[in-house]
Amino acid sequence: MSVVALAGGVGAARFLEGLVRVVPPEEVTVIVNTGDDMANFMGLYISPDLDIVTYTLAGIVDPEKGWGIKGDTTRALSMLQELGFETWFTLGDRDLGTHIARTAMLQQGWSLSKATQVISHSLGVRCQLFPMTEKWVPTRIVTDVGLLHFEEYLVKRQARDNVEDVIFDGIESAEPSPGILDAIQHAETLIICPSNPIVSIGPILAVPGIKEAIVEASAPCVGVSPIIGGKPVKGPADKLMEGKGVEVSAKGVAEFYREFLDILVIDQKDKSLTPKIEELGVNAVVEQTLLTSMERKKQLARTVLAAARNKKSKS
Ligand code: FO1
């Protein structure tokens with residue numbers, strides 16, 4: 001059973017924690033958004049979504065925040081503050097070790113894929129994690145105060161600016177990381193994790209060749225809505241969806257992915273949207289999608305896999 005999942009940060013990582021407990025992790029390939037990456041932040045290459053997925057699957061993530069390492073300290077950051085540097089992006093001491101290691105590997109001439117493999121496997125992650133591309137393609141948010149890097153928009157300015165547009169800088173000339181298209185083509189199940197459609201899954205789909213491979217793949221494609229009752233579970237997905245003219249609802253998510261999505265798993269709160277979603281040619285499956293315990297995470301993964309199996313046996 002080979003599973004390929006497209007993933008952003010915290011929501012995806014929490015879902016994947018359940019998935020790797022109901023499928024052998026070696027059979028899971030995760031394609032991770034790198035639009036949030038900062039290529040030279042205090043001299044370091046930082047890849048927030050790769051970090052989040054890695055730390056979560058390694059069992060070391062800070063469970064409250066969903067990012068960073070549990071129990072981490074910020075002594076280096078305090079020193080940076082004393083030295084007059086900006087400290088709006090919280091880099092923990094152990095977390096800094098990851099960024100230093102990744103940057104050193106890249107400076108040595110290794111690819112981001114290779115660095116990701118070494119870091120994730122060293123921390124005990126058994127599935128295959130891939131950055132969506134090797135190229136740095138920063139997501140920039142066009143706001144009423146100007147063009148902001150996604151992390152400046154989200155963390156530095158706390159998502160307070162009006163979103164006018166979202167740009168995936170340089171994506172037209174990016175290529176999928178080696179191995180990704182093959183994995184999609186040969187997958188038995190394709191999953192779109194419960195991530196922000198615009199800034200987490202959007203950049204992955206915008207890498208030339210990835211969306212096309214998903215459209216052409218024979219495997220059923222199952223998504224999980226990150227919108228419950230018209231609100232995102234976490235983060236500013238609502239503002240970004242509105243900024244891109246996408247309805248902030250599970251139906252809006254189905255519409256956004258309708259070109260390739262076979263099934264959308266929606267929350268029980270959104271059960272009444274089922275007919276509207278199915279009018280779009282996307283089957284809706286209702287489940288509890290708020291991932292408040294490991295049992296819920298495993299149950300959601302089982303529901304996604306069962307929906308895919310059901311679709312396969314009908315086709
Ligand atoms: N998110 C925050 O809200 N504040 C932070 O200071 C912050 C630091 C940070 C450092 C390393 C890392 O890997 C992630 C970090 N995140 C932080 C999370 C991240 O900015 C976002 O949640 C993702 O980019 C969206 O998926």
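Heavy atoms only: backbone and side chains are in, while hydrogens, waters and symmetry mates are out. Whatever order the structure lists ligands and atoms in, that order sets their numbers, starting from 1.
Regarding atom 18 (C) of ligand 1, its nearest protein heavy-atom neighbour is Trp67 CG, 3.4 Å. Closest to atom 14 (C) of ligand 1 among all protein heavy atoms lies Pro48 CB, 3.9 Å. In this structure, the protein non-hydrogen atom closest to atom 22 (O) of ligand 1 is Ile52 CD1, 3.9 Å. Shortest contact from atom 9 (C) of ligand 1 to any protein heavy atom: Phe89 CZ, 3.3 Å. With hydrogens left out, the protein atom closest to atom 24 (O) of ligand 1 is Glu151 OE2, 2.5 Å, a heavy atom.
Where the criterion is an N or O separation shorter than 3.5 Å, residue side chain and backbone included, Asp49 meets it with respect to ligand 1. Of the polar atoms of Asp51, at least one N or O is found under 3.5 Å from an N or O of ligand 1, judged by distance alone. Residue Asp95 has no nitrogen or oxygen atom sitting less than 3.5 Å from a nitrogen or oxygen atom of ligand 1, judged on distance alone.
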### Verdict with reasoning, Asp62 to Tyr55, per side-chain hydrogen bond (donor to acceptor under 3.5 Å, both in side chains)
CA-CA 8 Å; Asp62 181 313; Tyr55 294 159; over 6 Å; no
### Message
Assess the residue pair Lys70 and Glu64 against the criterion (salt bridge (charged side-chain N to carboxylate O under 4.0 Å, His left out)); give the C-alpha distance rounded to whole Å, side-chain angles, the decisive distance to 0.1 Å, and a yes or no.
### Response
CA-CA 9 Å; Lys70 67 179 157 201; Glu64 270 81 49; over 6 Å; no
### Query
After noting the C-alpha distance and the side-chain angles of Asp169 and Arg140, does the key distance pass the salt bridge (charged side-chain N to carboxylate O under 4.0 Å, His left out) rule?
CA-CA 7 Å; Asp169 201 346; Arg140 301 196 194 278; 2.6 Å; yes
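Hydrophobic clustering places Ile141 together with Val137 (ILVMFWY residues linked when any side-chain heavy atoms are closer than 4.5 Å, directly or through intermediates). Cluster membership for Leu261 and Val286, using ILVMFWY side-chain heavy atoms within less than 4.5 angstrom, is shared. Two different hydrophobic clusters hold Ile52 and Ile119 under the rule that ILVMFWY side chains link at heavy-atom gaps under 4.5 Å.
When heavy-atom distances to ligand 1 are checked against a 4.0 Å cut-off, Asn196 has no atom that comes that close, whether in backbone or side chain.
The side chain to side chain contact (heavy atoms under 4.5 Å, CB included) with Glu17 is formed by just one residue from the set Val53, Thr56, Val61; it is Thr56.
At a threshold of 4.5 Å between non-hydrogen side-chain atoms, the residues Leu6 and Ile191 do not count as touching.
Every atom of ligand 1 is numbered from 1 in the order shown, and the set under 4.0 Å from a heavy atom of Asp36 is 23 (C), 24 (O), 25 (C), 26 (O). Ligand-side atoms of ligand 1 in range of Thr90: 5 (C), 6 (O), 8 (C), 9 (C), 10 (C), range being under 4.0 angstrom from any heavy atom. Heavy-atom contacts of Leu154 reach the following atoms of ligand 1: 21 (C) (cutoff under 4.0 Å). Here is the list of ligand 1 atoms found below 4.0 Å of a heavy atom in Trp88: 6 (O).
Using the six-membered ring where Trp is involved, Trp88 and Phe41 have ring planes that are perpendicular, over 60° apart on the 30 and 60° scheme.
Ligand 1 is approached by Val155 to a heavy-atom distance shorter than 4.0 Å. The closest approach between a heavy atom of Tyr55 and any atom of ligand 1 is not below 4.0 Å.
Around CD of Glu175, the count of heavy atoms belonging to other residues, nucleotides or ligands within 6.0 Å does not exceed 12.
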